[in-house]
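A short worksheet on the structure shown next.
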Amino acid sequence: MSSPVNDNDDGKGVRKVAVLGGTFNPIHYGHLRVAEEVREALDLDRVIFIPAYQPPHKEDGELIEPASRLEMIRMAISDNPAFEVSDVEIRRGGRSYTIDTVKELKGLGLEPTIITGCDQFNAISTWRSYEELFMLADFAVVPRPGSPVRGIAEVMPVELAEKFWYDKKNNTYLNPSGHRVTYLRTVFLEISSTDIRRRIRGGMSVKYLLPHEVERYIIGKGLYR
Ligand code: ATP
Ligand code: MG
């Protein structure tokens with residue numbers, strides 16, 4: 001599996017990529033299906049999964065070591081040639097901020113579209129340097145059970161929201177930098193890592209919530225018990 005850090009030239013000059021960041025503790029079919037649908041809807045060649053070393057907001061006592069989360073992503077995406085994993089945030093260490101990752105990817109000549117579930121996007125104004133982020137990257141916002149779909153005017157200060165204009169033809173919000181926020185209608189899968197960890201702790205089945213190899217890995221290593 002190539003990392004974008006080592007894969008600076010894909011030979012086709014294609015530079016637009018989707019990026020799905022998260023803790024992936026563990027990766028599940030919610031992540032995988034959303035990544036596939038965004039890739040298809042926005043006609044992107046690649047999706048890069050980027051596990052956070054440490055999320056910025058939460059002190060997560062249940063967060064297992066990065067190497068295991070990375071390994072599970074590798075297993076989960078191995079059958080999809082359009083999917084890649086990058087360890088940039090793990091190698092950087094410390095709290096993982098999307099702004100740092102975006103700058104790193106752009107430095108490699110990539111143009112990232114950041115995929116975010118509504119639970120995350122609704123809290124975008126708490127992200128580090130979020131205003132700058134809108135000037136550096138595109139966003140693809142996807143619905144998520146349990147979180148309302150909030151428009152840009154509801155999630156950022158009016159002064160910032162006013163800078164976006166609606167492109168009806170493409171159903172997307174553009175800002176002066178040329179970057180956009182696109183709301184997509186992806187499948188509604190009520191799957192979360194929190195629920196998977198809870199089921200494992202309770203000795204319940206997690207079959208069909210995540211790929212079989214990932215389930216086997218978790219059970220084999222006795223993770224999340
Ligand atoms: P946890 O319950 O530990 O927070 P999670 O299931 O939310 O885990 P994350 O790694 O936190 O998974 O999520 C990474 C990204 O994937 C976020 O943008 C999140 O909104 C999105 N995402 C995760 N699960 C889904 C889902 N079922 N549908 C849509 N988006 C999802
Ligand atoms: Mg989450």
Side-chain angles (χ1 to χ4, degrees), residues 17-42 47-66 68-77 80 83-90 95-99 101-102 112-128 130 133-134 137-150 155 181-202 204 206 208-211 214-215 218 223-224:
V17 293
V19 166
L20 182 60
T23 44
F24 301 103
N25 186 38
I27 189 165
H28 53 68
Y29 281 131
H31 299 125
L32 293 162
R33 185 62 209 170
V34 153
E36 181 71 352
E37 289 194 29
V38 171
R39 185 194 62 73
E40 201 168 41
L42 300 182
V47 182
I48 308 174
F49 290 72
I50 307 189
Y53 181 75
Q54 203 187 343
H57 298 301
K58 48 186 177 183
E59 278 311 326
D60 188 346
E62 289 183 300
L63 191 64
I64 65 163
E65 52 163 346
S68 301
R69 292 182 282 120
L70 190 67
E71 185 60 23
M72 291 189 281
I73 297 173
R74 287 214 171 94
M75 293 175 183
I77 67 173
N80 191 331
F83 286 1
E84 290 175 20
V85 64
S86 165
D87 62 357
V88 274
E89 294 191 351
I90 291 175
R95 292 191 188 277
S96 305
Y97 296 104
T98 303
I99 186 77
T101 303
V102 161
T113 294
I114 305 162
I115 305 172
T116 42
C118 272
D119 58 315
Q120 295 285 313
F121 193 73
N122 291 347
I124 193 73
S125 66
T126 66
W127 290 27
R128 173 175 280 194
Y130 73 98
L133 206 48
F134 284 121
D138 291 349
F139 276 85
V141 184
V142 299
R144 187 162 191 196
S147 299
V149 179
R150 296 200 199 284
V155 300
V181 175
T182 306
Y183 286 83
L184 294 170
R185 285 191 194 209
T186 46
V187 68
F188 231 44
L189 287 174
E190 199 167 1
I191 303 176
S192 72
S193 304
T194 300
D195 177 62
I196 289 172
R197 294 193 301 272
R198 183 184 61 80
R199 285 176 196 270
I200 295 169
R201 243 189 346 266
M204 294 157 75
V206 291
Y208 314 124
L209 296 175
L210 35 63
V214 177
E215 182 196 352
I218 291 171
L223 302 175
Y224 306 118

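Note that the structure is a prediction, hence the values are computed from the model and not measured. Counting starts at 1 for both ligands and their atoms, in listed order.
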For ligand 1 and [X], I'd like to know whether there is a polar contact (N/O to N/O, distance under 3.5 Å).
X: C118; result: no
X: I191; result: yes
X: L189; result: yes

Heavy-atom distances under 4.0 Å are what count here, so tell me which part of V34 touches ligand 1: side chain, backbone, both or neither.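 Side chain only; the backbone of V34 stays clear of ligand 1.
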
What part of D119 sits under 4.0 Å from ligand 1 if we count only heavy atoms: the side chain, the backbone, both or neither?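 Near ligand 1, D119 shows its side chain, while the N, CA, C and O stay back.
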
Which word best sums up how the rings of F121 and Y183 line up, parallel for under 30°, tilted for 30 to 60°, or perpendicular for over 60°?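 F121 vs Y183 ring planes: perpendicular.
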
Out of the candidates V214, D87, I27, only one should pair with I73 under the side-chain contact (heavy atoms from CB on, under 4.5 Å) rule; please name it.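 Only match with I73 under side-chain contact (heavy atoms from CB on, under 4.5 Å): I27.
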
Applying side-chain contact (heavy atoms from CB on, under 4.5 Å) between I196 and each of R201, M204, H28, report the one that passes.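 Testing each of R201, M204, H28 against I196, the sole residue satisfying side-chain contact (heavy atoms from CB on, under 4.5 Å) is H28.
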
Would you call [X] and [Y] a side-chain contact if the rule is heavy atoms closer than 4.5 Å?
X: T186; Y: R33; result: no
X: I218; Y: M72; result: yes
X: S96; Y: I50; result: no
X: S193; Y: E62; result: no
X: L184; Y: L42; result: yes
X: T182; Y: D138; result: no

List ligand 1 atoms under 4.0 Å from [X], heavy atoms only on the residue side.
X: T116; answer: 18 (O)
X: F24; answer: 10 (O)
X: G22; answer: 10 (O), 14 (C)
X: R197; answer: 3 (O)
X: T194; answer: 1 (P), 2 (O), 3 (O)
X: G21; answer: 14 (C), 15 (C)
X: P143; answer: 29 (C)

Determine whether the aromatic ring centres of residues H31 and F49 are separated by less than 6.0 angstrom.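 Centroid distance F49-H31: not below 6.0 Å, so no.
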
With a 3.5 Å distance limit and no angle check, can you tell me whether R69 reaches the backbone of Y53 through a side-chain donor-acceptor pair?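 Between the backbone of Y53 and the side chain of R69 there is a qualifying donor-acceptor contact (under 3.5 Å).
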
Please verify whether a non-hydrogen atom of [X] lies at under 4.0 Å from ligand 1.
X: N25; answer: no
X: P145; answer: no
X: R33; answer: no
X: E190; answer: no

Judged on heavy-atom distance to atom 5 (P) of ligand 1, which of R144, E62, Q120 sits nearest?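 Nearest heavy atom to atom 5 (P) of ligand 1 lies in R144.
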
